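The structure under discussion appears below in the form of structure tokens.
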2 protein chains.
Amino acid sequence: MPEIRLKKTEIRAENESRILKSAERIFARHGFRGSSMRMIADDASIPKANIHYYFSSKEKLYRRVVERIFTVWLEAAASFETSNDPHAALHSYISEKMEISRLYPDGSKVWANEVIHGAPIIHDFLTSALEDWTNSRIVAMRRWIEEGKIRDVEPRWILYMIWATTQHYADFAHQIETLNDDKALSINQWQQARDTVFDIIWAGLEPKD
Amino acid sequence: MPEIRLKKTEIRAENESRILKSAERIFARHGFRGSSMRMIADDASIPKANIHYYFSSKEKLYRRVVERIFTVWLEAAASFETSNDPHAALHSYISEKMEISRLYPDGSKVWANEVIHGAPIIHDFLTSALEDWTNSRIVAMRRWIEEGKIRDVEPRWILYMIWATTQHYADFAHQIETLNDDKALSINQWQQARDTVFDIIWAGLEPKD
DNA sequence: GACAGAGTTGACCGATCAGTCAACAAAGTT
DNA sequence: AACTTTGTTGACTGATCGGTCAACTCTGTC
């Protein structure tokens with residue numbers, strides 16, 4: 001069999017990445033308490049004790065998983081430009097969020113699970129990065145309202161609406177698949193769903209003549 | 001101290017109800033695996049063994065909790081009349097769903113938690129009652145489209161949008177409160193959120209001139 | 001007031017959990 | 001080749017879990 005030699009400390013990076021990937025999948029599927037280190041170890045094809053060599057506790061491993069998710073989320077958040085064109089900004093942001101739901105549903109599920117249970121482990125994320133980002137977008141949207149570029153609505157409820165609708169396709173994927181003859185959404189269906197989400201929201205924001 | 005006498009088999013009804021109420025709260029807060037019979041017992045101020053006298057297993061108790069939630073959900077679903085007036089039907093349905101999120105957030109959380117994890121215990125609810133109800137509303141909405149009463153959109157995505165946005169206020173209540181200076185939404189805020197959700201969706205469905 | 005059925009409870013059990021540890025193997029350094 | 005550092009692993013531990021059980025009390029009936 002061909003030997004793939006791992007040099008130096010590449011071993012650490014490779015193993016940590018493998019464990020984090022398995023942990024995200026297991027945590028998404030079973031929740032924090034419902035996931036055991038044994039399940040994660042088996043998924044990653046690594047002895048359980050070895051996981052504790054890289055991550056000192058289950059909670060620290062979980063936090064690392066959530067941090068990774070939050071990073072992806074923040075990168076997508078950048079696509080919500082605070083430029084002068086709400087149509088482009090919102091279209092870009094909603095499309096990006098739908099893509100994340102399609103490609104990385106596990107991350108969204110872990111996040112949802114955590115928030116549903118009162119965010120016992122990652123509460124600081126909410127009060128720092130998320131709050132800052134939210135407030136800055138609310139300010140930007142208020143400016144759009146003043147400039148007459150969108151209707152006079154409370155920006156907060158619009159943001160929640162965008163989060164809810166886009167993340168729903170990841171968090172409730174099982175329900176959606178069940179209602180889709182037990183099949184995952186096709187590419188066409190994803191596109192149609194994404195377009196519908198944007199069209200509906202934009203129709204509600206577009207200034208009336 | 002005043003003695004409240006419980007007659008006959010009222011004891012059973014009273015205790016079952018008390019246990020179910022505590023179970024819903026605990027399951028919502030910690031998930032199925034994260035909740036222990038001990039926690040539920042303590043919350044209900046009843047010895048653990050006594051709970052097993054009324055509910056033979058944790059899973060059976062959990063199913064009873066979900067059944068109760070589903071009943072509430074189905075009653076609200078009736079407000080989505082398939083009458084000839086989409087504006088009234090949707091306004092009534094969205095208002096009802098927002099009220100459920102406000103008054104019974106725990107039930108919504110248990111449901112969300114279950115679906116996120118692939119609905120291992122209540123999968124039959126999805127393939128029976130929910131699927132039937134969904135398909136009947138899709139048919140009704142298609143008729144509205146044919147009659148030119150709403151725009152030509154895929155009814156499925158609209159339903160998901162309504163579910164997502166309304167349930168978001170229950171499932172993500174912790175995040176919403178955190179972003180609201182750690183305060184629960186006021187009555188006014190709930191009304192405003194509900195009106196915004198309806199206005200946006202209706203603006204996207206209302207036939208263009 | 002005697003009996004039966006319903007409800008209550010502390011003590012207990014096997015299984016599973018996160019985390020530890022000591023012995024070992026491989027890689028890197030001199 | 002000697003030695004250090006890093007990585008690997010099976011066996012173990014104390015805690016907690018869902019569930020059982022036998023002894024008990026209370027309630028309703030005759």
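Computed from heavy atoms alone, side chains included, the values below leave out hydrogens, waters and symmetry copies. Residue numbers start from 1 in every chain, and the chains themselves are labelled A, B, ... in the order their sequence lines are given, proteins ahead of strands. Note that this is a predicted model, so its numbers are computed, not measured.
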Would you say [N] has OP1 or OP2 under 4.0 Å from some side-chain N or O of [X]?
X	N	value
B:Asn50	C:dG10	no
A:Arg12	D:dT6	no
B:Asn15	C:dT8	yes

To the nearest angstrom, how far is [X] atom [atom1] from [N] atom [atom2]?
X	N	atom1	atom2	answer
B:Ile26	D:dG18	CD1	P	12 Å
B:Phe55	C:dG7	CZ	C1'	14 Å
B:His52	D:dC17	NE2	P	13 Å
A:Tyr53	C:dA22	OH	C1'	15 Å
B:Ile51	C:dG10	CD1	P	13 Å
A:Ile19	C:dG19	CD1	P	14 Å
A:Glu10	D:dG7	CD	P	12 Å
B:Tyr54	D:dG19	OH	P	18 Å

Check your understanding: Considering residues at least two apart in sequence or located in another chain, which fulfil the side-chain contact (heavy atoms from CB on, under 4.5 Å) criterion with B:Ser95?
Key -> B:His91, B:Arg194
Around atom [atom1] of [X], are there more than 12 heavy atoms of other residues, nucleotides or ligands at under 6.0 Å?
X	atom1	result
A:Arg29	CZ	no
B:Arg38	CZ	no
B:Arg68	CZ	yes

Taking NZ, NE, NH1 and NH2 as the nitrogens, is one of them in [X] or [Y] under 4.0 Å from a carboxylate oxygen of the other?
X	Y	answer
A:Glu177	A:Lys183	no
B:Arg63	B:Glu59	no
A:Glu24	A:Lys109	no

Review point. Between C:dG19, D:dG18, D:dT8, which nucleotide gets closest to the side-chain atoms of B:Lys58?
Key: D:dG18
Review point. Where along residues 32-49 of chain A does a heavy atom come under 4.0 Å from DNA chain D, residue by residue in number order?
Key: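 Output list: A:Pro47, A:Ala49.
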